[in-house]
Peer 1: 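Have a look at this one before I ask anything.
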Number of protein chains: 2
Amino acid sequence: MKSDTKTLILDVAQRLIQTRGHNGFSFRDLSREVGVRTASIHYHFPTKTDLAVALIRRYREMIGEAMADIAVQQDSLGKRLDATTRLYMDTLHNGSRICVCAALAGEYLSLPGAVQVELRKLIDDSERWISRFLTEGRARGEISKDNDPHSLARLWYAALQGALVVSRAGNHEILRDAAGALKNLTLRGM
Amino acid sequence: MKSDTKTLILDVAQRLIQTRGHNGFSFRDLSREVGVRTASIHYHFPTKTDLAVALIRRYREMIGEAMADIAVQQDSLGKRLDATTRLYMDTLHNGSRICVCAALAGEYLSLPGAVQVELRKLIDDSERWISRFLTEGRARGEISKDNDPHSLARLWYAALQGALVVSRAGNHEILRDAAGALKNLTLRGM
DNA sequence: GTCTATAAGGGGATAGAC
DNA sequence: GTCTATCCCCTTATAGAC
């Protein structure tokens, strides 16, 4: 059993960050939900910064695995973009969560330096995965050669992150509409 | 002189929300920067919720005026989208701020109900302005009739908000690249 | 690994003097 | 309008018993 306290703390902390942000939860909140005292949480993660860093690192690995799965299971650009969009939709529909990236980036200038560093790695990684999908799709003629896959990847990533954030506060249809419109534009005429 | 304490409090609070988020600043922070004691801030805004609500309301008016100016000064869809993009770029380059919308939406589930309500109004308003630009542009034949202006407006708003958030934490070129790519896709072949 | 107890400071908010 | 003084609770974090 690796479903021990340490893992449970990370699970709960991640959900709290995705719903309330880094400054929106405390060790006390964690304590209540995990079922141990705050001192026990400090045993596993000496400081809140240690916890946040470990959490982002784990999240980055999870995203990496999910995107690698998509790369293996989906053979066309259209399907890969759909699957990526679905990944974000699932996040939103799982307790109104947004991506850890957008949640933390929103309060970026209040974050400890070590957390900022991990966050940048998460963004770089995620952007690279979408960039790879677009580059491979372009090589296979699935989108116009006029497109710069790197800029287009940044657009996709920004749009997905932003749609998640705005959808939660506004209307959940925004994510579906925005992603649908972007897919149409990306593959138009192909 | 309307540049009184109340206005100064709103100015500083807005900057702090745009850089650190709602849970990332305190009355003490305001006190230091405005130059009055926290009790004086409570005189102008009894609770932090009152302050946030007033601030979003004012921000919404400012955005409305800026978008109305764009509607008057720019006569083509391309120019209007460029001017809107520039509005967001200016925000990012003014002390690494993001839009009040994205800053608050990131910690949505930790916000007081009254603040959530004001935030939704801000999102609706902003989306409507972009939707109007796209609808008018479509009627003038500046984009394909295949586009649904409403979905496209949601894409534009999500992309701009997300690009701002991700750019600040990652790389400021993301906003330029994402907005450039989206403009190309939107006007492609026209 | 988890607990109790506690430190030292920050949080929003109020009463009442000036 | 702004101040001092204060309330009461929450915050992260540590020491040391079990």
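In what follows, chains carry the letters A, B, and so on, assigned in the order in which the sequence lines appear, proteins first and then strands, with residues in each chain numbered from 1. Any value given below was found using the heavy atoms of this structure, including those in side chains, with hydrogens, waters and symmetry copies removed.
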Peer 1: For DNA chain C, which residues in residues 47-55 of chain A have a heavy atom at a distance below 4.0 Å?
Peer 2: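 Nothing qualifies; none.
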
Peer 1: Look at the side chain of A/A39 and decide which nucleotide, out of D/dA13, C/dC3, C/dG12, has an atom nearest to it.
Peer 2: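 Within the option list, the nearest is C/dC3.
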
Peer 1: Quick one: is D/dT2 close enough that its OP1 or OP2 comes under 4.0 Å of any side-chain N or O from B/T5?
Peer 2: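 So the side-chain polar atoms of B/T5 do come within 4.0 Å of the phosphate oxygens OP1 or OP2 of D/dT2, strictly under.
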
Peer 1: Suppose we screen for salt bridge (Lys or Arg N to Asp or Glu O under 4.0 Å). Which residues come up paired with A/R132, at least two apart in sequence or across chains?
Peer 2: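 Expected list: A/E136.
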
Peer 1: If a pair satisfies side chain to side chain donor-acceptor pair (under 3.5 Å) and one of its residues is in residues 165-181 of chain A, list it, with sequence neighbours excluded.
Peer 2: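 Every pair satisfying side chain to side chain donor-acceptor pair (under 3.5 Å) with a residue in residues 165-181 of chain A: A/D177-B/R154.
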
Peer 1: Give, ordered by number, those residues of residues 9-37 of chain B having at least one heavy-atom distance below 4.0 Å to an atom of DNA chain C; if nothing qualifies, reply none.
Peer 2: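 Hits under 4.0 Å, by residue number: B/F25, B/S26, B/F27, B/R28.
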
Peer 1: What ring-ring contact (aromatic ring centres under 6.0 Å, His included) pairs are there with at least one residue in residues 5-61 of chain B, not counting sequence neighbours?
Peer 2: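 Every pair satisfying ring-ring contact (aromatic ring centres under 6.0 Å, His included) with a residue in residues 5-61 of chain B: B/F27-B/H42.
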
Peer 1: Just by distance, with hydrogens left out, do B/Q73 and B/R80 show a side-chain donor and acceptor under 3.5 Å apart?
Peer 2: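 No.
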
Peer 1: Using the test salt bridge (Lys or Arg N to Asp or Glu O under 4.0 Å), find all partners of A/D82 that sit at least two apart in sequence or belong to another chain.
Peer 2: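 Counting only residues at least two positions away or on another chain, A/D82 forms a salt bridge (Lys or Arg N to Asp or Glu O under 4.0 Å) with A/K183.
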
Peer 1: Which residues pass the salt bridge (Lys or Arg N to Asp or Glu O under 4.0 Å) test with B/D125, sequence neighbours left out?
Peer 2: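 B/D125 satisfies salt bridge (Lys or Arg N to Asp or Glu O under 4.0 Å) with B/R60, B/R128 only.
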
Peer 1: Counting just side-chain N and O atoms, does A/Y43 come under 4.0 Å of either OP1 or OP2 of C/dG1?
Peer 2: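 Answer is yes, contact under 4.0 Å.
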
Peer 1: If the condition is salt bridge (Lys or Arg N to Asp or Glu O under 4.0 Å), which residues does B/E33 pass it with, not counting sequence neighbours?
Peer 2: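 B/E33: salt bridge (Lys or Arg N to Asp or Glu O under 4.0 Å) contacts with B/R15.
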
Peer 1: For the pair made of NE2 in B/H44 and C1' in D/dT2, what is the distance, rounded to whole Å?
Peer 2: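 Result: 8 Å.
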
Peer 1: Would you please confirm or rule out a distance under 4.0 Å between OP1 or OP2 of C/dG1 and any side-chain N or O of A/S40?
Peer 2: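 Checking C/dG1 against A/S40, no side-chain N or O comes under 4.0 Å of OP1 or OP2.
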
Peer 1: Keeping to residues at least two apart or across chains, list the ring-ring contact (aromatic ring centres under 6.0 Å, His included) pairs with something in residues 94-136 of chain B.
Peer 2: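 Those involving residues 94-136 of chain B do not exist here.
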
